[in-house]
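Worksheet for the structure shown next.
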Amino acid sequence: MRKRRNEDLTYLNGRKRLSATEFAFMQLIWDHPEGISSEEIYSDKQFTQAQKTKSVILFNISEKGYVRNIQKGRHHIYFPQVGKIEYEQALLMQQIMDSFGSVSFAKLVAAFCGRSQLTEKETERVEGLLEDIKSGGIEE
């Protein structure tokens with residue numbers, strides 16, 4: 001039996017991961033940050049599921065907290081609540097945490113170097129570099 005991956009994403013306040021199909025629907029929603037109607041989603045040619053199945057997928061995405069929707073007449077307008085980059089970063093951070101037991105940048109660098117940890121001085125240098133990158137302060 002295959003081990004099931006952790007479905008909760010710590011870095012997205014415990015939201016559940018998106019399935020591959022849900023992610024495909026989110027791709028379309030992310031392309032329309034101003035909102036997209038259920039009618040537009042249902043008519044998109046990339047989704048071959050029955051309309052009821054599409055409705056269930058959209059409901060599940062909403063229940064997981066990735067979109068908010070408002071009803072307009074017979075249709076819903078879907079707005080992304082989590083950005084694509086934010087979601088992908090959370091997935092990456094979760095993978096790092098699952099693999100290394102920590103999301104420490106220094107531990108990640110040590111692992112890439114084939115070591116279990118860095119010296120205190122190396123850790124300070126790595127953390128300083130990371131701060132420079134975050135603040136955009138690295139000069140060529």
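Counting non-hydrogen atoms of other residues, nucleotides and ligands closer than 6.0 Å to CD of Gln46 gives a total above 12. In Phe79, the CZ atom is crowded: over 12 heavy atoms of neighbouring residues, nucleotides or ligands sit closer than 6.0 Å. Residue Ile70 qualifies as enclosed at atom CD1: its count of foreign heavy atoms under 6.0 Å is above 12.
Of all non-hydrogen atoms in Val67 and Met26, the two that sit nearest each other are CG1-SD, 3.5 Å. Between Ile77 and Ser37 the shortest heavy-atom distance is CD1-CB, 3.6 Å. Residues Tyr11 and Met93 approach most closely at CD1-CB, 3.5 Å, considering heavy atoms. The two residues Ser55 and Tyr42 come nearest to each other via the heavy atoms OG-OH, 2.7 Å. Looking at every heavy atom in both residues, Asn60 comes nearest to Glu22 through CB-OE2, 3.4 Å. Closest approach of Ile36 to Glu40, counting heavy atoms only: CG1-OE1, 3.5 Å.
Atoms OG1 and CG, from Thr53 and Leu58 in turn, are 11.0 Å apart once rounded to the nearest 0.5 Å. From Ile29, atom CD1 reaches atom CD1 of Ile61 across 5.0 Å, with rounding to the nearest 0.5 Å. Note that the CD atom of Gln49 and the NZ atom of Lys54 stand 6.5 Å from one another [nearest 0.5 Å]. Residue Leu118 holds its CG atom at 11.5 Å from CD of Glu124, rounded to the nearest 0.5 Å. With rounding to the nearest 0.5 angstrom, the CD1 atom of Ile57 is 12.5 Å from the NZ atom of Lys52. Here the CD1 atom belonging to Ile41 is positioned 10.5 Å from the NE2 atom belonging to His76, to the nearest 0.5 angstrom.
No side-chain heavy atom of Lys64 sits less than 4.5 Å from a side-chain heavy atom of Arg15.
Side-chain atoms of Tyr87 come within 3.5 Å of backbone N or O of Leu18 as a donor-acceptor pair. In this structure a side-chain-to-backbone donor-acceptor pair under 3.5 Å is present from Ser43 to Glu39. Looking at Gln71, its side chain does come within 3.5 Å of a backbone N or O of Gly73 through a donor-acceptor pair. At least one donor-acceptor pair under 3.5 Å links the side chain of Tyr66 to the backbone N or O of Lys16.
Counted by atom type alone, His75 and Ser38 present one or more donor-acceptor pairs between their side chains at under 3.5 Å.
Between Phe25 and Phe47, the ring-plane angle classifies as parallel under the 30° and 60° cut-offs.
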